[in-house]
Amino acid sequence: MKQSEFFVPTLKETPADATIPSHQLMLRAGLVRPLASGIFSFLPMGFRVLNKVINIIRDEMNSIGGQEFLLPALNPIEIWEQTGRVEAMGDVMFHIKNREGLVLAPTHEEIITYHARQHVKSYRDMPQIWYQIQTKFRNEPRPKSGVLRGRQFIMKDAYSLDTSWEGLDLSYEKHYEAYKAIFNKCGIKFFDVGASSGAMGGSKSQEFMVESDSGEDTCAISDAGYAANIEVATSNLQPVGRIDQDLPLEKFATPNAKTIDDLIEQYNIPEHRCAKSVVYMADESPVLIFMRGNDELNESKLQSVLGTANVRAAVSEELIQFTGADHGSIGPINLKSKIKIIADNLLKDANGMVSGANEDGFHYKNIDFVRDTSISDYHDLRTVQAGEPCPISGQALRVVKAIELGHIFKLGTKYSVALGANYLDSEGKEHPIIMGSYGIGVERVMACYIEQHHDEKGIIWSSPLTPFHAHLIGINEPKFPEVKAAAEGIYADLVKAGFDVLYDDRDESPGIKFNDADLIGLPFQIIVGNKNLKDGNIEVKDRQTGDRKVISISSVITEIQEFYK
RNA sequence: CGGGGUGUAGCGCAGUCCGGUUAGCGCACCUGGUUUGGGACCAGGGGGCCGGGGGUUCGAAUCCCUCCACCCCGACCA
């Protein structure tokens with residue numbers, strides 16, 4: 001492809017709206033252009049990369065027996081009503097205004113299940129893996145970070161159909177391996193974490209994450225291989241335990257202590273002997289929760305312990321109503337009303353503790369959780385902090401932001417039951433099909449690659465994703481016809497040898513061409529200039545390392561073949 | 001949806017407080033010439049409903065009201 005005829009509008013300046021490297025570079029290198037908030041056009045260069053990603057995904061999906069579908073983006077709303085997801089999706093789902101009854105599909109579980117119901121009637125018809133690579137529509141409340149969170153985006157989603165939970169395990173495992181292969185092939189450093197399945201329903205799920213400050217998820221990871229979403233992450237911190245002194249309970253005045261830090265400072269109490277109290281309303285019933293010192297309550301863990309997502313912190317009036325005191329003076333002793341009390345594992349059977357007296361301005365010391373309280377249940381309720389020991393190795397955990405690239409779930413029978421997708425087993429008995437669901441954000445793969453592979457000059461593509469194999473640059477062609485002739489000859493030879501080449505034949509100054517080439521970031525640059533050509537030579541440059549060498553024209557093909565070997 | 005910010009040429013911005021020439025600068029673009037191995041130079045030129053609407057005023061990019069768009073933080077999020 002001659003660059004003079006190729007639409008790749010590069011930008012010298014960084015657009016003001018872009019704040020993260022991948023977004024800035026995708027705009028500057030002429031890969032995409034925004035159309036509206038969260039909506040992007042892929043320009044020819046960007047589309048080439050996107051197709052590379054798609055083909056890698058397609059190959060891996062096919063290799064585990066996946067069969068590719070083309071499914072409608074326009075869906076009848078009835079089918080979504082049958083699974084209750086019109087309500088669950090809420091404003092995220094786009095509704096067609098001038099055609100009642102049609103919605104834009106935000107995902108495709110329903111449609112896949114619909115077709116499975118029609119035709120997958122026997123245990124002999126399974127297992128199946130069905131997938132699609134298509135545009136999804138989600139009315140995101142806040143599109144951001146370029147293509148990382150858009151209102152329309154391409155997703156590869158796959159669905160497995162099985163007759164047994166063991167079969168589902170196998171399908172799930174196949175996807176797990178395929179996903180690792182996909183991201184490795186793309187050259188992306190990633191990790192996977194166990195996750196909660198959220199609105200998707202189902203049981204086990206794992207997310208494939210890329211560490212990035214631009215990420216929207218938070219994970220705790222260690223070099224030993226531990227990785228977990230902060231919602232479920234744990235550490236190897238030891239319980240505060242018991243002290244030898246077993247003194248009687250003692251109330252003391254703490255008029256100016258509203259926080260744990262106040263207590264520590266004013267009364268010289270060690271932080272780990274302070275028990276912090278939090279009151280939450282779970283389905284509108286009060287729960288008193290004890291945490292160590294300044295630990296942070298993890299609402300996700302609380303939700304799963306209490307078995308409801310409907311939790312909120314209690315307000316002052318409720319605190320006084322149920323405990324007798326306001327913030328800062330709540331504790332396990334002398335509660336005004338009998339309410340459920342749970343505590344974090346780290347406080348299990350602790351004594352010598354300080355906590356509120358349920359009377360404003362007073363605390364108790366020497367509290368023995370065994371002797372003085374009626375705490376029945378201890379759970380992991382706290383949010384892990386950076387630096388705590390890894391549960392596997394004991395080394396310090398890192399808490400990082402991460403971008404979710406892919407998610408695999410064991411869906412189970414949620415959709416097959418809702419839509420009546422049943423099959424007959426070998427004994428003629430009817431069962432719901434057991435399903436899995438497996439997604440990858442295609443644009444995210446592209447953006448994450450760029451986040452991980454760029455320098456101050458621009459993008460650095462590598463072989464699997466690069467839009468062209470080589471950037472052939474003719475220096476000052478108008479003045480030196482022999483340069484143009486040589487470059488055209490090399491171009492023809494490379495194309496004949498099967499390489500995709502972008503040939504910069506534009507009448508631009510060398511500086512502009514070099515900087516554009518580094519910005520666009522093709523892995524292999526071939527520079528044809530009068531200087532070297534006099535000796536029958538050209539220069540090649542490795543974009544990644546910046547290494548250059550002067551070689552003879554005749555060895556260009558061998559050189560590039562070596563480079564891509 | 002809450003908080004903050006920004007809308008002036010294709011891009012990046014100044015001008016807005018404190019109203020007053022023909023709205024400016026850099027890059028990009030067009031013409032001619034000189035240049036040419038890391039974003040050249042000279043000369044000439046084109047391009048603006050100053051986000052939209054309404055108001056105040058002799059006069060509005062500038063003041064007031066209102067709507068819209070975009071970005072950031074939060075909420076939310078397979």
Exercise. What integer number of Å spans the P atoms of B/rU31 and B/rG12?
Worked result: 25 Å
Exercise. Touch check for A/R33, heavy atoms < 4.0 angstrom, all strands: base, sugar-phosphate only, or nothing?
Worked result: nothing
Exercise. Checking all strands, does A/L11 fall into the base, sugar-phosphate, or nothing category for heavy-atom contacts under 4.0 angstrom?
Worked result: nothing
For this session: Determine the contact category for A/D157: base if any of its heavy atoms lies under 4.0 Å from a base atom, sugar-phosphate if only primed atoms, P, OP1 or OP2 are that close, otherwise nothing.
Result: nothing
Exercise. Under 4.0 Å: is that the gap between some side-chain N or O of A/K479 and OP1 or OP2 of B/rU36?
Worked result: yes
Exercise. Looking only at atom P, what distance separates B/rA60 and B/rG52, rounded to whole Å?
Worked result: 15 Å
Problem set entry | Distance below 4.0 Å between A/R142 side-chain N/O and B/rC73 OP1 or OP2 | yes
Exercise. When we call it a touch if two heavy atoms are under 4.0 Å apart, what does A/T10 touch: a base, just sugar-phosphate, or nothing?
Worked result: nothing
Problem set entry | base_contact_polar (B/rG39 base, A/E508 side chain, donor-acceptor, <3.5 Å) | no
For this session: Provide the distance between the two P atoms, one in B/rG38 and one in B/rA43, to the nearest whole Å.
Result: 25 Å
Exercise. Under 6.0 Å between ring centres, would you say that holds for A/F40 and A/H23?
Worked result: yes
Problem set entry | Phosphate OP1/OP2 of B/rC72: any A/T19 side-chain N/O under 4.0 Å | yes
Seminar exercise, completed: Residue pair A/P143/A/F153 against RNA chain B: nearer the 5' end by closest nucleotide is A/P143
Which atom pairs, donor and acceptor, lie under 3.5 Å between side-chain atoms of residues 524-532 of chain A and protein residues at least two apart or in another chain?
| residue | atom | partner | partner atom | Å |
| --- | --- | --- | --- | --- |
| A/Q525 | NE2 | A/D518 | OD1 | 2.9 |

For this session: Remember a base hit wins even if backbone is also touched, and classify A/G439 as base, sugar-phosphate or nothing at under 4.0 Å, heavy atoms.
Result: nothing
Exercise. With a non-hydrogen cut-off below 4.0 angstrom, is A/P15 in contact with a base, only sugar-phosphate, or nothing?
Worked result: sugar-phosphate
Exercise. Does the gap between the ring centers of A/F468 and A/W461 come in under 6.0 Å?
Worked result: no
Exercise. Between A/G146 and A/D217, which has a closest nucleotide on RNA chain B that is more 5'?
Worked result: A/G146
Exercise. Between B/rC11, B/rC70, B/rG39, which nucleotide has the shortest distance from any of its atoms to the side chain of A/E13?
Worked result: B/rC11
For this session: Determine the Euclidean distance between corresponding P atoms of B/rG74 and B/rU57; express it in Å to zero decimal places.
Result: 45 Å
Problem set entry | Qualifying side chain to side chain donor-acceptor pair (under 3.5 Å) pairs with a residue from residues 1-16 of chain A, counting only residues at least two apart or across chains | A/Q3-A/H471, A/S4-A/D505, A/T10-A/D516
Exercise. Which whole number of Å gives the distance between the P atom of B/rU8 and that of B/rG46?
Worked result: 23 Å
For this session: Measure from the side-chain heavy atoms of A/P510 and tell me the nearest of B/rG37, B/rA75, B/rC73.
Result: B/rG37
For this session: Pick base, sugar-phosphate or nothing for A/D17, based on heavy-atom distances below 4.0 Å to the nucleic acid.
Result: sugar-phosphate
Problem set entry | Phosphate contact (B/rG12 OP1 or OP2) by A/T14 side-chain N/O below 4.0 Å | no
Problem set entry | Distance-only donor-acceptor test (3.5 Å): side chain A/N532, base B/rG37 | yes
Exercise. A/E140 near the nucleic acid: base, sugar-phosphate alone, or nothing, with a heavy-atom cut-off under 4.0 Å?
Worked result: nothing
Exercise. Partner of B/rU21 by Watson-Crick or G-U wobble geometry, both contacts under 3.5 Å, or none?
Worked result: none
Problem set entry | Base partner of B/rU6, which must satisfy Watson-Crick or wobble distances under 3.5 Å | B/rA69
Exercise. If we take the C1' atom in both B/rU62 and B/rC18, what is their distance in whole Å?
Worked result: 10 Å
For this session: Determine the Euclidean distance between corresponding C1' atoms of B/rU56 and B/rA14; express it in Å to zero decimal places.
Result: 27 Å
Exercise. A/N476 CG to B/rU34 P: how many Å, rounded?
Worked result: 14 Å
Problem set entry | Base partner of B/rC29, which must satisfy Watson-Crick or wobble distances under 3.5 Å | B/rG45
Problem set entry | Ring center gap for A/F208 and A/Y176 short of 6.0 angstrom | yes
Problem set entry | Counterpart base for B/rG59, defined by Watson-Crick or G-U wobble contacts under 3.5 Å | none
For this session: Side chain of A/A16 only, please: which of B/rG37, B/rG12, B/rA40 is the nearest?
Result: B/rG12
Seminar exercise, completed: Checking N1-N3 plus N6-O4 or O6-N4 for Watson-Crick, or N1-O2 and O6-N3 for wobble, each under 3.5 Å, the partner of B/rG74 is B/rC1
Exercise. With rounding to whole Å, what would you report as the distance between B/rG59 and B/rG20 at their C1' atoms?
Worked result: 7 Å
Exercise. Just checking A/D518: base, sugar-phosphate only, or nothing, at a heavy-atom cut-off of under 4.0 Å?
Worked result: base
Exercise. Between A/Y159 and A/T113, does any side-chain donor sit less than 3.5 Å from a side-chain acceptor?
Worked result: no
Exercise. Given the rule in the side chain to side chain donor-acceptor pair (under 3.5 Å) test, do A/Y179 and A/K156 qualify, once you have shown the distances and angles that lead to the verdict?
Worked result: CA-CA 11 Å; A/Y179 275 37; A/K156 185 288 300 178; 2.6 Å; yes
